[in-house]
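Small disclaimer: the values here were computed from a predicted structure and weren't measured.
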There are 4 protein chains.
Amino acid sequence: MNREEKKIATRKKILDSALELFAEHGYETTTVHMITERAGVAKGTFFNYFDCKEDVFCDLQTFRATLEFEKLKDIRGPILPHVREFLMEFVRFGPNSRQLVRAVLLSDLSNEKSLSNQRKMLEELKEMLIPLIVEAQNRGEFTSAIPADMIADQAIQTYMGVSFTWGMGMGDDKLITQMVASFELFFRGLQP
Amino acid sequence: MNREEKKIATRKKILDSALELFAEHGYETTTVHMITERAGVAKGTFFNYFDCKEDVFCDLQTFRATLEFEKLKDIRGPILPHVREFLMEFVRFGPNSRQLVRAVLLSDLSNEKSLSNQRKMLEELKEMLIPLIVEAQNRGEFTSAIPADMIADQAIQTYMGVSFTWGMGMGDDKLITQMVASFELFFRGLQP
Amino acid sequence: MNREEKKIATRKKILDSALELFAEHGYETTTVHMITERAGVAKGTFFNYFDCKEDVFCDLQTFRATLEFEKLKDIRGPILPHVREFLMEFVRFGPNSRQLVRAVLLSDLSNEKSLSNQRKMLEELKEMLIPLIVEAQNRGEFTSAIPADMIADQAIQTYMGVSFTWGMGMGDDKLITQMVASFELFFRGLQP
Amino acid sequence: MNREEKKIATRKKILDSALELFAEHGYETTTVHMITERAGVAKGTFFNYFDCKEDVFCDLQTFRATLEFEKLKDIRGPILPHVREFLMEFVRFGPNSRQLVRAVLLSDLSNEKSLSNQRKMLEELKEMLIPLIVEAQNRGEFTSAIPADMIADQAIQTYMGVSFTWGMGMGDDKLITQMVASFELFFRGLQP
DNA sequence: AATGAATGAGGCTTCATTCAT
DNA sequence: TATGAATGAAGCCTCATTCAT
């Protein structure tokens, strides 16, 4: 492992430790000392990689960036199967321990900056979902009795709700199981 | 206003200030000084009413106590209207600004103690919901294709999801509107 | 000693300790811990009185304020005796240990802000001296072969020079002795 | 430029950068990182040339070494012209920006070690001046009414005073001008 | 010889909590 | 009961120094 690779590895160690600890104790309660101790580096090393404690969040990419959403854009034909698949991908690559899920939620709420980031991302997701839902309504896959934007809202709420309660320790052992079950019910409610 | 009333008023002032500030800045970031300053009392006064900062939460009763749940126990006849009504009551008396909702969510996640409190409360709620759901299934109000405990999980997730996303600034101006809309969809999904 | 008096006493203790320590070790080298330890208070107490370490300088009033200079304005008759007297007063009420003198000099050089403060004060002093010197020249007390503003510069330099070298440990045990001797020579040089 | 020359050049770059930065920000406030950045070398390089940060001062030779003083030893005939000349040489090769002068003064006051160094050097200078002054007194160039060691003290104070006030931004643009003017007045005061 | 990542002691500052008034 | 000065543990961050490359 050369010098550059080592740097990347160290950065990753710190990030992972931070994420874990935020998950366990929350942002404010987690100290830089705790992070570096878990990462197995000296305290000073943390500040070689991040200007301040808060900056760690810039790398957390909370609910994975807009890039991921692009996959939803070019769907042709029946919507439902694609959305199901997208959902599973999305969850599979997301944080996969209750701890981590809570960490990410916490970080979203922790400061005004990441709150608005997160809100913006959810708004984007919503805007991306609406045409999909409209299309599904036109195809007769979803009921048209409920406005598309309201359905989008509720899809997001379902996602957040599962994340939140699962993060708190409720539901099935696997997040994906819980998520799929909830969305099955959600889709049932959309039947025409 | 006699002595006893004054005490109660002071306690309330402190509590309200604390709740507002937790809403604005989160638990850890809010200082006792900020609380007492907003409440218009001296710092020492805070500790005349609470043993420590954390104890404020004992009075917050976040997602309102089990007591409230009792109302659900003695329902007779059709379930759905009662649940609808309960939900509206529950939301009406809960925190009604996005700030406060976020404060309560944050406080739940802030420390292990309130996290487990909250989890316990949700478990209780779930246990209380299950017989209701079973009853509704027997009555043919809800589908029996989905196990009652899973439905209970999803009801809670819907509730948390709406709270969370609404707290973050999304959805209808009024939480109750958003909540009702989401549960309408939820109930649709439960149709036999 | 009542509460208010205690506060003043505590503030003074901190200030005195700070000044002493700046004298012994310089500004940057002196830690807040050292200051509070010598003052006999807790570290936190320091920050009850000063927002930050730097703020101590606001109270140091280095080479005593312009107010003192006012005395020079209304001199009538022969100048020299008054100036001698002023000088002795000025030195008598100034910092009177080598340590303190060094502390004040150090604080003047420590940051751009106090540097410009000090410079401004010296400029004011100069402006106040010039008419006095002109008057003395007219009276035949001082030579007119040297421009008044240059004489003023050199008076200041003499003052600073004595302060500096005495502060460093050189010269007579008493600053006033050294200062008077230097100014006698200075005045000799001004004879017509 | 061969290897040996490169080494010298690098050392000089570091020294110059250090001096400049000490001038701008003082000793403690200047970091090794700042020095190496300005010098255009890596941080580690600094420690290849100096054992520690403080050691830079060993090369600063603040008020130029005793060696310089040797010139004063073998004066024959009238003293004054030689002293004038020595003074101009001394100033000419000294630090010639207000910044640098302040840097040197600051460094002298910054730590006990350089303070005593500087004091020692001034004492030496004084010891070297005294026989010169006695000689000048014997020749009738200087007054004998003032003890030689006191005159020596005051010469040094004049030198320091000019340096100090000029460093702070006062007086003529050129240090040498200011210095010469001050010493002319000083010498006037020494007339028999 | 040059580099810069890693180290950790130590500084400044905050803040929950205590306690004398 | 109300006050706010005093406390000191603990946090964040800096930076001189070391060392492997």
Between [N] ([atom2]) and [X] ([atom1]): distance, integer Å:
X	N	atom1	atom2	value
B:L21	E:dA16	CG	P	12 Å
B:I14	F:dT3	CD1	C1'	13 Å
C:K12	F:dA5	NZ	C1'	20 Å
A:E5	E:dA5	CD	C1'	15 Å
C:M34	E:dG10	CE	P	13 Å
D:E37	E:dT3	CD	C1'	15 Å

Establish, for the pair D:K13 and D:Y49, whether the NZ or CZ atom is under 6.0 angstrom from the six-membered ring centre and no further than 45 degrees off its axis. no
Shortest non-hydrogen contact from B:T30 toward B:M34: CA-SD, 4.1 Å
What residues, two or more places apart in sequence or in another chain, satisfy salt bridge (Lys or Arg N to Asp or Glu O under 4.0 Å) together with A:K6? none
Salt bridge (Lys or Arg N to Asp or Glu O under 4.0 Å) with D:K12: which residues, sequence neighbours excluded? D:D16
If you write DNA chain F from 5' to 3' in dot-bracket form, with Watson-Crick or G-U pairs under 3.5 Å, [ ] for crossing pairs and | for pairs with another strand, what do you get? .||||||||||||||||||||
Respond yes when some side-chain nitrogen or oxygen of C:T10 is under 4.0 Å from OP1 or OP2 of F:dA6, and no when none is. yes
side-chain N/O C:Y49 vs F:dA6 OP1/OP2, d < 4.0 Å: yes
B:T45 side chain, from C-beta outward: closest of F:dA2, E:dA6, E:dA2: F:dA2
Filter on salt bridge (charged side-chain N to carboxylate O under 4.0 Å, His left out), then keep only pairs touching residues 39-52 of chain A, sequence neighbours left out; what's left? none
Residues passing the side chain to side chain donor-acceptor pair (under 3.5 Å) test with D:N48, sequence neighbours excluded, are none
ring-ring contact (aromatic ring centres under 6.0 Å, His included) partners of C:F46, counting only residues at least two apart: C:F50
Once base and sugar-phosphate atoms are separated, protein heavy atoms under 4.0 Å mark nucleotides 16-21 of chain F, 5' to 3', with B, S and - as BBB--B
With sequence neighbours excluded, residues passing side chain to side chain contact (heavy atoms under 4.5 Å, CB included) with A:S17: A:I35, A:R38, A:A39
A:F47: what forms a side chain to side chain contact (heavy atoms under 4.5 Å, CB included) with it, not counting sequence neighbours? A:V32
